[in-house]
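These notes are about the structure you will find just below.
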Amino acid sequence: RLPAEVVDDRARLVWRLPTPEHDEGALRHYRIDLLDRQGVSNRDPIQYTVHILRDGAPEVSIPIPGRDADLPESQQVAIEIEASDDFGLSRIDLVFRVNEGPEERLLLARDAGRQVHVRHVWDLSDRDLLPEDRVTYRAEAFDNDAITGPKLAATREFVLRFPSLYELFSETSETQQRQLESLEELAEQEADAQETVERMRREVLRSEELTWEQRQELESALVAEEERARQVEELAREMTQTMEQLEEGGLSSGEMLEKMEEIRDLMAAVTSPELLEALQSLQQAMDTPDPEDLAEALRQFAQDQEAFQERLERTLALLRQVKAEQRLLAAVSQAQDLEQRQSTINDKLDSDQPERLAAQESSLSRDTDRLQQELDGLSDDFAEISQPTAQALASEAETMEQQKLSARMQQMEQSLISRANPQARQEGEGLQEDLARLSQSLQNLQGEFDGSQRQQMKQQLWGAMAGLVDLSQRQ
């Protein structure tokens, strides 16, 4: 029994309970006995129970993104944080650092109760990030323990990496190349199947029947034909998605969009209903004894196979050209990006972060070397599309080699590491000037190529119109 200190209509006392370390899970009961000045007590006071529990640490997680990721072009990242605590949360922080810089905190929630789900769009566009910069982050949750101090829980660290323009295009380009190779393989298989069907048709015309082995070979060819048609349809969907990604990334021109639209139409028509109907008719004809019906079904199927093959080959030709043109657009964008990055590094030479600038210059050197190699490869790809463009690309690659851009960037990197800022500034200004010239040259080259493509399309249109006029006059 503990006496309380009574003042007017208030009573106060201190009741010390055992800590969870000494008696966790224990129950303690109490009641309040009242006695007035006349000595009358309260009747049947209510009994209360106190359950002694340990105050656990909070829990916190980042379900979205929930993994390391590349920073999108917008430099905005949607983040979701879930946290809980048995008695209540006092705050939720996002803790991050750029590269090896100091940690910073961003308060996301305060006095959030026992459970909280925070949705936040994290905007990093004001951080002046450059390619290959890394933002390392975690979430921290604090409970509301006012006795021993707030307890902390933290997620594991995640990394957001700012990819270079070269890397962004390279990933999509590799996907596009795999799709192109798959389509080429299907076209080769279709050519072999055409030879098989034609051989069977001639055999039916010669002997008016097929042997059991020949029927088995033809049936296998028809099953393979159905599977190829299904693969082409699936590949068409994938290629459409890839082309849309390239369009969204700005890697398309007006003339290229027309070619891409034709590719979509071709892919939509490549497995035409006529081919599937001819396939079904041929399968049915194989079950009838009439050799004429089988020969006719084989003839019709061969015609539709030929149309199928022609669409595949036209699609492949357009895809190869579009891929080369997209690589040219990417090279133009990469050159602009290199110039901008060098300019940004030059502008920050007076800042107290030479190690970071040196790392960025090193990254710039690698991407410059990649662009030079890309121009060499592009020259080969354009040899069959546009000789003037191919020669101009080879010339730009040779100029980059003569100017030793990548080596000069490595030299500037060393100047930054040794804190020789005046020398680094002189090197940076020279590099920016040469990169600006490269960027402008590639833009001019792109414009000249687009102009030649427009002229070529106009000539094809006039040629088609002249053919129609000539045909009408001969009717």
Side-chain angles (χ1 to χ4, degrees), residues 128 130-132 163-170 173 249-253 255-256 324-350 357-383 385-416 420-453:
D128 295 328
L130 289 176
E132 297 195 16
S164 67
L165 188 63
Y166 172 86
E167 291 173 306
L168 290 174
F169 174 72
S170 180
S173 181
L251 297 178
S252 60
S253 62
E255 291 70 29
M256 196 187 306
E325 292 179 34
Q326 284 170 336
R327 287 178 66 192
L328 176 57
L329 277 171
V332 172
S333 298
Q334 287 163 23
Q336 293 172 328
D337 179 61
L338 293 177
E339 178 194 358
Q340 181 58 48
R341 287 160 63 185
Q342 185 64 65
S343 174
T344 302
I345 292 172
N346 292 350
D347 291 343
K348 293 182 177 181
L349 285 175
D350 293 330
L357 293 179
Q360 291 170 348
E361 192 68 28
S362 176
S363 169
L364 192 61
S365 173
R366 289 193 296 273
D367 285 347
T368 300
D369 191 48
R370 288 166 177 166
L371 178 58
Q372 182 179 330
Q373 295 174 20
E374 179 70 5
L375 293 181
D376 271 328
L378 262 178
S379 176
D380 295 336
D381 284 358
F382 270 87
I385 301 172
S386 168
Q387 271 296 329
T389 304
Q391 292 169 1
L393 287 166
S395 176
E396 290 299 332
E398 185 178 352
T399 300
M400 290 183 73
E401 176 66 27
Q402 292 170 350
Q403 291 178 334
K404 301 185 183 304
L405 294 176
S406 182
R408 287 160 57 195
M409 289 173 181
Q410 293 173 16
Q411 186 175 349
M412 181 177 176
E413 176 191 356
Q414 293 304 313
S415 297
L416 287 166
N421 274 23
Q423 182 178 346
R425 185 175 301 280
Q426 183 178 0
E427 292 164 343
E429 289 173 354
L431 285 165
Q432 185 177 345
E433 182 178 336
D434 287 342
L435 288 171
R437 186 212 61 79
L438 171 65
S439 176
Q440 189 60 54
S441 294
L442 288 179
Q443 289 179 61
N444 294 341
L445 191 155
Q446 172 67 41
E448 291 168 3
F449 174 76
D450 284 348
S452 68
Q453 289 291 289

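Computed from a prediction, not measured in an experiment: that's the story for all the values here. Residue indices begin at 1 and follow the sequence shown.
- At least one donor-acceptor pair under 3.5 Å links the side chain of Thr399 to the backbone N or O of Ser395.
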Evaluate the side chain to side chain contact (heavy atoms under 4.5 Å, CB included) criterion for residues Arg437 and Gln403: first the C-alpha distance (whole Å), next the side-chain angles of each, then the deciding distance (0.1 Å), finally the verdict.
CA-CA 12 Å; Arg437 186 212 61 79; Gln403 291 178 334; 3.9 Å; yes

Could you please spell out the steps behind the side chain to side chain contact (heavy atoms under 4.5 Å, CB included) verdict for Leu378 and Thr389?
CA-CA 9 Å; Leu378 262 178; Thr389 304; over 6 Å; no

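- Side-chain atoms of Gln410 and Gln414 include no donor-acceptor pair closer than 3.5 Å.
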Assess whether side chain to side chain contact (heavy atoms under 4.5 Å, CB included) is satisfied between Met412 and Leu349, documenting all intermediate values.
CA-CA 11 Å; Met412 181 177 176; Leu349 285 175; 4.2 Å; yes

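- Put simply, CD on Glu429 and CD on Gln342 are 10.0 Å apart, with the number rounded to the nearest 0.5 Å.
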Give the intermediate values and the outcome of side chain to side chain contact (heavy atoms under 4.5 Å, CB included) for residues Leu375 and Leu442.
CA-CA 10 Å; Leu375 293 181; Leu442 288 179; 4.2 Å; yes

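- In terms of the side chain to side chain donor-acceptor pair (under 3.5 Å) criterion, residue partners of Thr344 (sequence neighbours excluded) are, by chain and number, Gln340.
- Heavy atoms only, all atoms of each residue included: Met400 and Thr368 are closest at CE-O, 3.5 Å.
- A donor-acceptor pair under 3.5 Å is absent between the side-chain atoms of Asp369 and the main chain of Ser406, judged by distance alone.
- Between Arg341 and Gln360 the shortest side-chain heavy-atom distance does not fall below 4.5 Å.
- Electrostatic pairing of Asp434 and Lys404 does not count as a salt bridge here, judged by no charged N lying under 4.0 Å from a carboxylate O.
- When all heavy atoms of Ser415 and Ala424 are compared, the pair lying nearest together is CB-CB, 4.0 Å.
- Closest non-hydrogen pair, Ala436 versus Glu339, comes out as CB-OE2, 3.4 Å.
- Atom CG in Asn444 sits 9.5 Å away from atom OG in Ser439 (nearest 0.5 Å).
- Using a 4.5 Å heavy-atom threshold, the side chains of Leu445 and Val332 count as separate.
- Heavy atoms of other residues, nucleotides or ligands lying less than 6.0 angstrom from CD of Gln443 number more than 12.
- Between the side chain of Ser363 and the backbone N or O of Ala359 there is no donor-acceptor pair closer than 3.5 Å.
- Taking the side chain as every heavy atom from C-beta outward, Glu448 and Pro388 never approach each other to under 4.5 Å.
- Judged as a side chain to side chain contact (heavy atoms under 4.5 Å, CB included), and not counting sequence neighbours, the contacts of Glu413 are Ala358, Glu361, Ser362, Ile417.
- Note: Glu398 CD to Glu396 CD = 10.5 Å, rounded to the nearest 0.5 Å.
- Taken to the nearest 0.5 Å, the CG atom of Leu371 stands 15.0 Å off from the CZ atom of Arg366.
- Closest approach of Asn346 and Arg425 over heavy atoms only: O-NH1, 3.9 Å.
- Side chain to side chain, Asp376 and Gln372 fail the donor-acceptor criterion of an N or O pair below 3.5 Å.
- Checking Gln440, Gln336, Met409 one by one against Leu435, the side-chain contact (heavy atoms from CB on, under 4.5 Å) holds for a single residue, Met409.
- In this structure, CG in Leu364 is found 9.5 Å from CG in Leu405, a value given to the nearest 0.5 Å.
- The closest side-chain heavy-atom distance from Leu393 to Glu374 is not below 4.5 Å.
- Between the side chain of Asp367 and the backbone N or O of Leu338 there is no donor-acceptor pair closer than 3.5 Å.
- In this structure, NZ in Lys348 is found 11.0 Å from OG in Ser343, a value given to the nearest 0.5 Å.
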